Every structure is written in structure tokens, then in C-alpha cells.
*Asks:* 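Before anything else, here's the structure in question.
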Amino acid sequence: MHAALETRGLCKNFGALTVAEQIDFRLEAGARHALIGPNGAGKTTFINMLSGRFAPSSGQILLAGEDVTALGQVARVKRGLARTFQISMLFKNATVVDNVAFAVAERAGVAWRMLRPARAYREVVDESMALLETLGLTQDARLRVAELSYGKQRLVEIAIALGLRPRVLLLDEPAAGVPTSESQRILEVLDALPEEIAILIIEHDMDLVFRFATRITVLAQGKVLIAGTPAEIAADKEVHEIYLGERHA
Amino acid sequence: MQDFLSSLVNVAFHGIAYGMILYLISVGLSVTMGLMGFANLAHGVFAMAGGYMMLSAMSGLDVPFPLAIVGAFVAVALASMVLERFLYSRLYSAGELEQVLFTIGLIFMSVALARLVYGPLPQPVFIPGYLKGQIHLLGSGFPAYRVFLIVFSVALAGLLWFGVERTRWGAMVRATVDYRLMAQSLGINTARLFTLTFGLGSGLAALGGALGAEIIAVQPTYPFEHLVYFLIVVAVGGLGSLRGPFVAALLIGVFDTACKYWVPEFGSFFIYVATIAVLLWRPEGLFGKAT
Amino acid sequence: MKHAGGYIADSRIRAIEWLPWAFALLCYYAAPSYLSLGSYILTMILFALSLDLILGYGGIITLGHSAYFGTGAYVAGIVAVRLTGEPLVGLLAGALAAGVLGLVTGMIILRTRGLALLMLTLAITSVCFEVANKATSLTGGADGLGGFSLLPILGLFRFDMFGKTAYLYCLAILFASWWLVRKLVYSPFGASLTGVRENNLRMHAVGAPVYQRLVASYTISATLAGLAGALLTQTTQFVGLNALGFQLSGELIVMLVLGGVGRIYGAFVGPLVYLVLQDYLAKRFPEYWYFGIGAMLVLVVLFARGGILGIIDAGILRLRRKS
């Protein structure tokens, strides 16, 4: 059985700066996998390589066993790989439902249609509304995204990715910057995601990580330090040093 | 053969003189675009203002040439700093479209003002007596004024290079071009840095406009007519560097002069085609950093 | 900014949208001596509409849209001189030529962004200008191209000296183009363009072929610009180099911004107000006119980003809140 997503010897240099070094990584089908590490460990760069935004300097990326290293972002999305962004990357002046519908329409292959009004594509509108409903955003569907609270914007971020019906979902700090009152809601949403989606999450909130993930990989200075179950990670001395070291610094 | 050689020398000489003027005018544009990310299409206005100021000071008030030049530099630099503080700075975070529209608006206003004050015709050019005549070198004669232009501009470019590479101000400019947020968190007062740099860039443009009045005629349509060339220098050279616009300005000055000398029937056709080719090959310009 | 379109927008034509057409017909009867100005305004509305499609919806900033307008204008002129005086043939040829140029140049320049893109649009217009300037045998060079006569449209409607046919001809073409643009704006394609303008990177991340989509909209826009150019040639029976000039592109942007970018009817209001004012003021006070235009641009950018229609919208909103 192929992993949902796998990297082999993945490297990335920006000039003399190495941000990813020989990363071997497996995301199993249906996994709840967290990627943690101190700031500057190369987590977001790793996600950017997985999603196809950056090309790796060397190494391979396999999506369900298929080598996608040379493919662009669009082709990877077509193969079921979706991501969210750490800093909100939404269509700020569009309505909430349009934000999701843009993604649904691309996936459904109707985004090129020029003659019938968008509203006539009921299946796109209905699916987008249904997604908003599962995330509890029905009330906000007609508002502009810029009018939403930050926590709700983070939910829209997830809704857009779900609109692509991914098999692999990369979540880049879904709860970053969200007040505690709203982060609970985000965790509920994450818990309710369909089981068949393999999820890789980057997160700084360790409570969230240990409640959500069944497997954790620790990245430090562009290298995999250790991978294991939450219990193994929690017991590891080196991980403690890194996190404690960071706090002291 | 002799003829060809001497025309080659001539084209190179006049091309370099033209290129140096383009450099003086455009370097400020390149730095401000790289530093502040502001698409200032109205940069040519400062060059035109410098030209008008110098020429009217010399003809109307009998101000001596060196003083008129310095005066143009100082006056335009100060005026542009006021503009930057009160208008430009409000649009740093606005979109590219707003910046383009705003600066096109400034061009329209300045073109109208110039026509109102000076009339539609090009201004007569004054060259001081001691810079008239020819300098003989290697068997050919060169106009003394243009020799002065080249020497002066090269000296200025050297000074500028020194300023950016070797002074604290230069270090701050470079740091801010490369890492805006980091510079701010280091406590660099970017607002003041922007104003000063903007003033210096506009002052240099005024110098270029004043010194180059003999090459690029000073007339109301100036900021529109030559905008394409200033932008070509900046785009081809690459944003935010000193070397980029210098090399680009020289290349364009010489190439344009050569085209107009040997194939005048094609006008600026080849310059545009070459620009398109360069930008397709390197969208960030010859010396720009890839983003 | 408020944009039409999207997945929940009602795409049916509202009553108020018939207003411009009623007004245009009213002008036809009420102001017969201004019909040639009217034709010019209708032509520029079409041109502004084409720009709005890529600037307002695609977010592409171009200083070179006159390249396509001029191409359409010259091709229509050349067809009339060398091939046939049938207006519709010239019109289609002009639009087609501009569309092909838009496709080819769009494929080249839309790979870049920012300053390079701005510069490339300028350079392409400049190249077209130089070509038209030098290809004297075909284009008449600096003297322009004129002295051709047109046959009646479809053999039925003869161009009259009062400009009545010309006016209605422009109106019909504009109406058809408006209908098409409106369809596009409300379609999924139009919605995806809004997405590209709002957030190009995110659009990539949802699997949208952004580049192809921009090239497609650029081509459509160029075709419409060419249509406008061809109309100008046919209604004035002359085409000159200024149809390709950078100045025209600048003026076009001014008109669109004045009306309101990214709203279909901004392209209607802007040229109307601008050209009527120009006709009235520019000849008498040219300096003040240009100064006023510049000042207006600066003020719009600083205080009223939505243009005239934006101001009206804000006014209506305020009234509603009060009541």
C-alpha cells in the first residue's frame, strides 16, 4: 500500500541557506499527522514544496505512489492535494460563499464556462453552502470575508480547501492568531473532518497537536529530528531540549 | 573605413553622454521603486522641473551655471520631499493601480502647469562660455559640454556608489530594500529614510533634466514623452540597485543613438523590441533579484 | 470595491440597466447635431468596457491597450481601402486582427507581473506605433489613412452626412458587446477572474489555471478593443497614429477610473462625462482642462476609489442608513 504522500531525500537551498535537508517523510492514508518544530525549522517551506509552490532542490515527492515532483500546483490539486495557509489567503472582497465556490467550481471543472450565469450552476452553489453549513458559517455566507472575525476567516480557509475534495490536506497553522474562545471551534472542525482524508498539520499550539495527532514528526533546522507517536515524542529528551532551549533563548 | 571608424567613435561618445543623462534621471526612480515599491510614473516631472528651473534662472536672473545647477537640485529635492510626506506616503500600502493613477494625475497637472507658465515650445538652452567649443582627442573633436557631462555624471555615479556602499545611510537603504520588516524591527526609521531617499532621487533627476537640457529638450510634454525611456532603464536594469540602471542606461543610450544614426527610418523600434526581449528573458531585469 | 458577478449574484437584467439605452435613443432624437460626438462617445464606451474586463476584473494594469484599438482601426481602414467597402467585413477583420494580436502578446506578457508587465504593455504599443508610422504604403504613416468610402451596411443602411446611421451602428455594436460582457461577468469564468484579481496565489492553490484564464480574458478584451477601433475608423472614415498612442491608453484609463473600475457601468459613465466635458471645456481652456483631469485623478485615488458610481453608491447607502 502506497503512502498518501511521501517524500524521499527532499532538499531545498536558498543560495547558501539550507532550509530542508534529506527529508524522508510518510503520510499514511487517513492519517492525523502533525509536523512540529521551532521557528525557522523549515515547516512552511516543506509544505510549500509538497503543494508545489516551490520546487525542491533535489529529492522526490510521491502522491499516492505517483511521482509528482515535476508537476505544478494545479496538477497536484487535480490529484487530490489541498492546503491552507498560515497567513490568511482569502478573497477578501468576495462573499464567503464565493470564496468556497471558486474552489468548488475549479474542482468540478465549470470555471471556464462563459455563457450561463454562475448562479445557474446549482451543484456548485449547493455544495459550497453545504460545506459552510458543516462549518457553521451558513449565517455568514453572504457577507464579505473581510467583515468576518479572524477565527471565522480561518474556518473559511479550511472550507476552501475542503471544496477541492482532497485526499490529502495540508493545514499550515490553522489556529494561529485565533483567540482561545474561537480556537476550540477550529479543533471541533478538525475533529469532524472525514476520516478518509489524510491530514498533515503544522501547529504551534501543543495542546491542539497532542489532542489531534496520532503521529508527530519533529523538524529542526531543516532535518527530521524524530518521528513517532505523541507519547514517544512527549518522552523524548532532545525534543524537550529544543523546545525548552527555544524558550530560554 | 576611416569614416566608419569615426562615426563609430561619434556614436559611442554621444550615446554615452545620452546614457549618463538617462542614468542621472532614472537612478532615483530605480531606488525608490526598489525601496518603497512605489510605481512613480511621475518621476520625469522632477527632471523637467530641474530643467525649467535651471534655464529660467540662467536666462531670467543671470544666475551663473554652477549655481543654477545646484539650485535646481536643492529646490526640486525639497519640493519632492514635501510631496512625498503629504501625498506619496499615503499610497505606499495602496495597490499598484492606485499608484499608477495617482502619478499619471501628477503628470497631467505638471504638463498643464508647464504649458501655462512657459508655453508649449522647447526652452532655449544656455551653455556657459567656458564649456562651449570642442575638445580634440585622438584626431577627432568632441563638444566640450558633453565631455563635461560625461565626466560630471561619472563622478556623481561614483559618489552615489560610495554613499550607498560605504555610509550608514546606504547600509540602511540596502537593508530596507532587502528586508523591509526586519529593518523596521531593528528600529530604522523607514519613514524618514523614504523621504530622504525620495528627495535625493528626485534631486538627481532634476540634475539630469537640467544638465541634459541640451540633449533632451525641456518642454511641457517631457514627462510623458520620455517616460518610456526612464521606465526601460529601470525595468531593464532591475529594481533597487545602482549598478543595474547604470549599465542599462549606458546600453540604451548607445544602442538608441546607434539605431537613430544608422537606421533612422526605424526610429525607436529596435529599442522596444530589445526591451521586450530582455524582459522576457529576465523579467526582474538584468541585475534585479528574482523574487 | 463592489463588483458584479459571483455565485449568488442575480444575473437578470434590472430595470435600471435599460436606462443607458433609453438615454442613448433619446439623444438620437433630442440632439441630432451632436451625433458625431455621440458616436465617438459610444465607441470609447466600448473601448473602456474592454479595458474594464482585464483591469477591473482581471486586475491587469496596462498602459498599452491602444495597441489593440489601433490595430482594429488600421485593419478596418486597410480593408476598406484595398478589399471591400462592406462595413461588417472591416469590423470583423479589425476585431479578429486585434484578437489575434491580443492572444499572441498576451501569451508573452502575462507570464510576467508588476513593473515588467507594465513596461511590456508600453513597449508593445510603442512597437505597434513605430510599425504603423513606418509602413507608409499600407498605413499612410504620419498622414494617416483616409479617403476610402464605405458601402451601405449589409447593402441596406447607407452612412449619411448627419451621422445618423453611424450613431445607430455604434449603438448596435455596443449593445451586442455589452450583452456579451455582461454574460461573461456573471459567468463562472467571470467569477474566477474576480478570484484572480483578489488573490492570485490562492487561485493557483485551488487548482485554477490562472495564466490560461488571464490570456483568455486578455484576448477577449483585445478583440473588443479592436472592434471599438474599427468602429472609430468607419464612423470617421479616417485613422491616424494617435489611435495607437500611449496618450490614448492614458486617457482611456482616466475615463474608466472616473466612472468606476470593475463595474460594468463605470465604463458607460466615465467616457460620457469625460468626453462631454472635454468637448465643452478642452477647446476653450486646454491647460486648465488637463490640470483639472490630473487633479481629478489624484483626488479620486486619495478620496473616492470607486469613481462617480462609487460616490453614488456611498450616497445611497448613507441615505438608507438615515431612514
Side-chain angles (χ1 to χ4, degrees), chain B residues 30 33-34 37 39 41-42 87 90-91 94-117 120 220-221 224-225 227-228 231-232 234-236 238-239 265-280 282-285 288 291, chain C residues 1 55-56 59-64 105 108-109 111-131 133-134 136 197 245-247 249-251 253-254 256-258 261-262 285-303 305:
Chain B
S30 170
M33 270 175 120
L41 300 188
L87 294 175
R90 304 174 64 152
L91 292 173
E96 209 182 15
L97 176 63
E98 278 81 23
Q99 301 177 349
V100 165
L101 292 173
F102 170 75
T103 50
I104 288 184
L106 287 187
I107 296 182
F108 268 112
M109 287 165 80
S110 63
V111 167
L113 267 183
R115 199 177 295 159
L116 213 57
V117 178
T221 54
F224 257 129
E225 222 162 89
L227 170 65
V228 183
L231 281 178
I232 288 179
V234 174
V236 167
L239 290 181
E265 65 276 16
F266 283 97
S268 307
F269 180 76
F270 290 114
I271 277 286
Y272 298 132
V273 172
T275 302
I276 294 173
V278 168
L279 288 181
L280 291 179
R282 288 184 66 100
E284 67 282 0
T291 45
Chain C
M1 262 188 251
L55 180 66
I60 302 163
I61 300 172
T62 168
L63 292 175
T105 52
I108 296 172
I109 67 175
R111 294 187 179 283
T112 64
R113 301 191 27 216
L115 174 65
L117 177 56
L118 198 70
M119 195 55 241
L120 282 171
T121 61
L122 255 180
I124 283 171
T125 309
S126 306
V127 167
C128 292
F129 186 93
E130 294 290 339
V131 168
N133 191 15
K134 297 305 176 222
T136 338
R197 188 202 56 236
F246 156 56
Q247 209 113 9
S249 300
E251 248 180 313
I253 294 182
V254 174
L256 183 59
V257 169
L258 177 65
V261 178
F285 320 104
E287 279 77 24
Y288 296 106
W289 165 251
Y290 275 106
F291 189 86
I293 289 299
M296 183 217 71
L297 267 182
V298 170
L299 291 176
V300 162
V301 171
L302 290 178
F303 302 110
R305 303 241 168 120

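Only heavy atoms go into these numbers, but all of them, side chains included; no hydrogens, no water, no symmetry mates. Quick caveat, the model's predicted, so the values are computed rather than measured. Chain A is the first sequence line, chain B the second, and so forth, proteins listed ahead of strands; every chain is numbered from 1.
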*Asks:* Side chain, backbone, both or neither: which part of B:Leu116 has a non-hydrogen atom closer than 4.5 Å to chain C?
*Replies:* both
*Asks:* Mind checking the CZ-CD spacing from C:Arg113 to B:Glu284? Nearest 0.5 Å is all I need.
*Replies:*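 The CD atom of B:Glu284 is 13.5 Å from CZ of C:Arg113, to the nearest 0.5 Å.
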*Asks:* Run the side chain to side chain contact (heavy atoms under 4.5 Å, CB included) check on B:Tyr272 and C:Leu122 step by step: do they pass?
*Replies:* CA-CA 9 Å; B:Tyr272 298 132; C:Leu122 255 180; over 6 Å; no
*Asks:* Classify the angle between the aromatic ring planes of C:Tyr290 and B:Phe108 as parallel (below 30°), tilted (30 to 60°) or perpendicular (above 60°).
*Replies:*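 Parallel: the ring planes of C:Tyr290 and B:Phe108 meet at under 30°.
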*Asks:* Given the options C:Leu120, C:Leu117, C:Thr112, which has more heavy-atom pairs under 4.5 Å with chain B than any of the others?
*Replies:*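 Of the candidates given, the most pairs with chain B belong to C:Leu120.
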*Asks:* Given C:Leu302 and B:Leu87, is the side chain to side chain contact (heavy atoms under 4.5 Å, CB included) satisfied, shown in steps?
*Replies:* CA-CA 8 Å; C:Leu302 290 178; B:Leu87 294 175; 3.6 Å; yes
*Asks:* Enter the distance from B:Ile271:CD1 to C:Glu130:CD here, rounded to the nearest 0.5 Å.
*Replies:* 11.0 Å
*Asks:* Between C:Leu55 and chain B, which part of the residue has a heavy atom less than 4.5 Å away: side chain, backbone, both or neither?
*Replies:* side chain
*Asks:* Quick check on B:Leu41 against chain C: is it the side chain, the backbone, both or neither that has a heavy atom closer than 4.5 Å?
*Replies:*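 The side chain, not the backbone.
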*Asks:* Hey, are the side chains of C:Ile293 and B:Met109 touching, using non-hydrogen atoms and a 4.5 Å cut-off?
*Replies:* no
*Asks:* Could you go step by step and tell me if C:Leu63 and B:Ile104 meet the side chain to side chain contact (heavy atoms under 4.5 Å, CB included) rule?
*Replies:* CA-CA 11 Å; C:Leu63 292 175; B:Ile104 288 184; 4.0 Å; yes
*Asks:* Under 4.5 Å from any heavy atom of chain B, what part of C:Val257 do you find: side chain, backbone, both or neither?
*Replies:*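 Side chain only.
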*Asks:* How about C:Gln247 and B:Phe224: do any of their side-chain heavy atoms sit closer than 4.5 Å?
*Replies:*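 Of all side-chain heavy-atom pairs linking B:Phe224 with C:Gln247, at least one is under 4.5 Å.
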*Asks:* Tell me, side chain or backbone of B:Ile232 under 4.5 Å from chain C's heavy atoms, or both, or neither?
*Replies:*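 Interface part for B:Ile232: both.
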*Asks:* Could you walk me through whether B:Val111 and C:Phe291 pass side chain to side chain contact (heavy atoms under 4.5 Å, CB included), step by step?
*Replies:* CA-CA 8 Å; B:Val111 167; C:Phe291 189 86; over 6 Å; no
